[in-house]
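Working notes, structure below.
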Protein chains: 2
Amino acid sequence: METGGTDNRRLYELLWGTPSGPRRGPRPTLTLDAIARSGIAIADADGLDGLTMQRVAESLDVTKMALYRYVPGKAELVALMLETAMGEPPPPRTGADWRGQLDDWARQLFDRFRRHPWANAATVGPRLPGPNELAWLERVVAALTGTGLTGGEQLDVAVLLVGHARNLAQHATATAETPRQPREAGFATLLRGREERFPALDAALRSAAAEAAGDQALDFGLARILDGIEALIAARAATR
Amino acid sequence: METGGTDNRRLYELLWGTPSGPRRGPRPTLTLDAIARSGIAIADADGLDGLTMQRVAESLDVTKMALYRYVPGKAELVALMLETAMGEPPPPRTGADWRGQLDDWARQLFDRFRRHPWANAATVGPRLPGPNELAWLERVVAALTGTGLTGGEQLDVAVLLVGHARNLAQHATATAETPRQPREAGFATLLRGREERFPALDAALRSAAAEAAGDQALDFGLARILDGIEALIAARAATR
DNA sequence: TCTAAACTGTGTCCGTCAGATACAGAGTAC
DNA sequence: GTACTCTGTATCTGACGGACACAGTTTAGA
């Protein structure tokens with residue numbers, strides 16, 4: 001999307017820069033945080049399509065161009081919004097083992113993505129991670145320290161979990177936006193009259209409709225992933 | 001992105017409609033397939049940002065507005081491109097059990113996403129699946145038929161695997177676009193001087209750098225996921 | 001064979017948006 | 001108090017998606 005000519009130096013300064021001391025000119029009327037919050041509110045309501053420099057400026061009672069004194073461009077604004085919307089990761093649940101912590105962590109991340117549907121689109125493509133994003137990552141790796149997994153594997157686990165949380169949040173918002181209740185309904189109408197072309201899918205949908213177990217894709221995938229990790233950790237412990 | 005005012009009826013006709021018989025007016029100079037291919041070539045080279053109705057039209061030697069005789073709008077063009085770029089799923093490997101088939105399937109899907117980096121951005125948000133997309137799904141469910149998983153669980157597996165393939169393809173293209181080789185390099189420079197703030201992450205990165213095991217996130221996650229599924233199938237078989 | 005209808009590609013126009021630039025006022029350091 | 005610097009503003013541009021009316025082309029039906 002707006003992954004194009006992002007000046008990484010200015011973006012780095014924006015995400016990681018420290019608030020500088022007293023300046024010379026007139027006091028700024030805005031804050032980076034206020035701008036980010038305003039943008040988040042708009043994107044939450046109308047998506048990234050509805051996010052316009054003009055609208056953000058209006059909601060802050062300034063001109064559109066005033067925003068460019070704070071933010072290099074729209075792409076950087078979105079990055080800042082993402083960083084703000086994610087926020088700091090919740091503190092790890094005390095007394096929980098690695099599995100409990102990771103389970104918790106993934107659900108919390110899922111929740112953040114759920115609350116800000118635009119965040120999914122904002123995280124496609126290469127991007128510079130902000131402090132909060134690294135802090136989220138730190139939690140995963142910290143939870144896995146001492147499990148016998150290598151550093152690379154710990155990072156792979158993080159990638160895997162982030163992906164699942166993001167993916168499921170997307171599915172959840174997708175089904176929430178359509179009037180029909182479950183995701184299967186859309187598929188079912190699409191399959192009508194084409195059952196012989198997609199026989200296994202048709203059978204699965206009928207079976208799923210009969211079960212009426214609701215949307216458990218998050219739980220299901222998370223359980224499978226954590227089971228797989230647990231098996232690996234157990235195997236490592238056994239060979240040591 | 002362009003998930004906005006997509007007319008679902010016209011999109012359905014575009015993706016699922018059959019080529020109609022002889023028409024009245026002059027013969028069309030273009031084909032849906034040619035348009036899609038042209039768009040794919042442009043998006044492969046310059047991403048979705050570089051994809052312009054104007055550019056597609058130029059590459060086909062027609063006016064921009066001529067495209068609107070074939071495609072309702074840009075959003076629908078992207079959907080069509082996605083359907084064309086994914087193509088039909090490869091035939092299932094004969095003689096492979098469900099695990100082999102799913103492993104194969106996920107890697108093939110990963111490969112398609114790798115070849116068309118814009119496909120990641122094109123698959124965010126709710127969308128109407130096309131015939132090819134359903135055919136890919138059908139393969140997963142077919143591979144899992146008879147394993148004892150319920151229909152809903154089979155679909156959940158599909159969601160999980162699609163998510164992993166997409167997620168890893170994104171990571172792969174992200175690291176491919178940056179000049180530095182591994183994804184860890186960017187993190188490492190970012191962590192420089194902040195080691196005490198992200199201690200576990202720092203340790204993991206150092207460990208990963210020492211291992212020098214390259215990028216195995218796809219294999220790692222896939223193995224974990226399939227291990228988890230295998231455990232579930234085994235448990236189901238045991239209780240039956 | 002002729003005519004009317006339908007479909008195609010084109011030219012022109014509009015609204016929206018991101019961003020560049022030049023400028024006037026505000027506040028601070030010397 | 002003066003010069004410098006930073007802020008917000010006003011104005012403008014270029015790119016893009018898409019609407020609309022029109023002219024040319026091909027076929028269906030008389």
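Residue numbers start from 1 in every chain, and the chains themselves are labelled A, B, ... in the order their sequence lines are given, proteins ahead of strands.
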Separation of dT21(C) atom P from Tyr68(A) atom OH, nearest Å, is 13 Å
- Item | Basic-acidic side-chain contact under 4.0 Å: Arg127(A), Glu133(A) | yes
Strictly below 4.0 Å: does Tyr70(B) bring a side-chain N or O up to OP1 or OP2 of dG9(C)? yes
Exercise for the section: May I ask you to decide whether Arg194(A) forms a salt bridge with Asp202(A), counting only side-chain N to carboxylate O separations under 4.0 Å? Expected result: no
By nearest-nucleotide position on DNA chain C, the 5'-leaning member of Arg69(B) and Leu51(A) is Arg69(B)
Take atom CD of Glu88(B) as the centre, draw a 6.0 Å sphere, and report whether it contains more than 12 heavy atoms from other residues, nucleotides or ligands.
-> no
Leu30(B) atom CG is separated from dC7(C) atom P, nearest whole Å, by 17 Å
- [ ] Please state whether the base of dG17(D) and the side chain of Lys64(B) form at least one donor-acceptor pair under 3.5 Å?
- [x] yes
Point to revise | Any Thr29(B) side-chain N or O less than 4.0 Å from OP1/OP2 of dT8(C) | key: no
Here the distance between atom P of dC6(D) and atom CG of Leu67(A), to the nearest Å, is 19 Å
| said: Could you check whether Arg107(B) pairs with Asp111(B) (Lys NZ or Arg NE/NH1/NH2 to Asp/Glu carboxylate O, under 4.0 Å)? | reply: no
**Request:** Answer with yes or no whether Arg24(B) presents, from its side chain, a donor or acceptor under 3.5 Å of a partner atom in the base of dA28(D).
**Result:** no
*asked:* Does Met65(B) reach a base, just sugar-phosphate, or nothing at all? Heavy atoms under 4.0 Å.
replied: base
Asp61(A) CG to dT9(D) C1', in whole Å, measures 14 Å
In terms of heavy-atom contacts, does CZ of Arg37(B) have more than 12 from other residues, nucleotides or ligands at under 6.0 Å? no
Arg27(A) atom CZ is separated from dA29(C) atom P, nearest whole Å, by 10 Å
note: Arg55(A), atom CZ; dT16(C), atom P; distance rounded to Å ~ 13 Å
note: Leu77(A), atom CG; dG19(C), atom P; distance rounded to Å ~ 10 Å
In whole angstroms, the gap separating P of dA15(D) from CD of Gln54(B) amounts to 11 Å
message = dG9(C), OP1 or OP2 - any side-chain N/O from Thr63(B) closer than 4.0 Å?
response = no
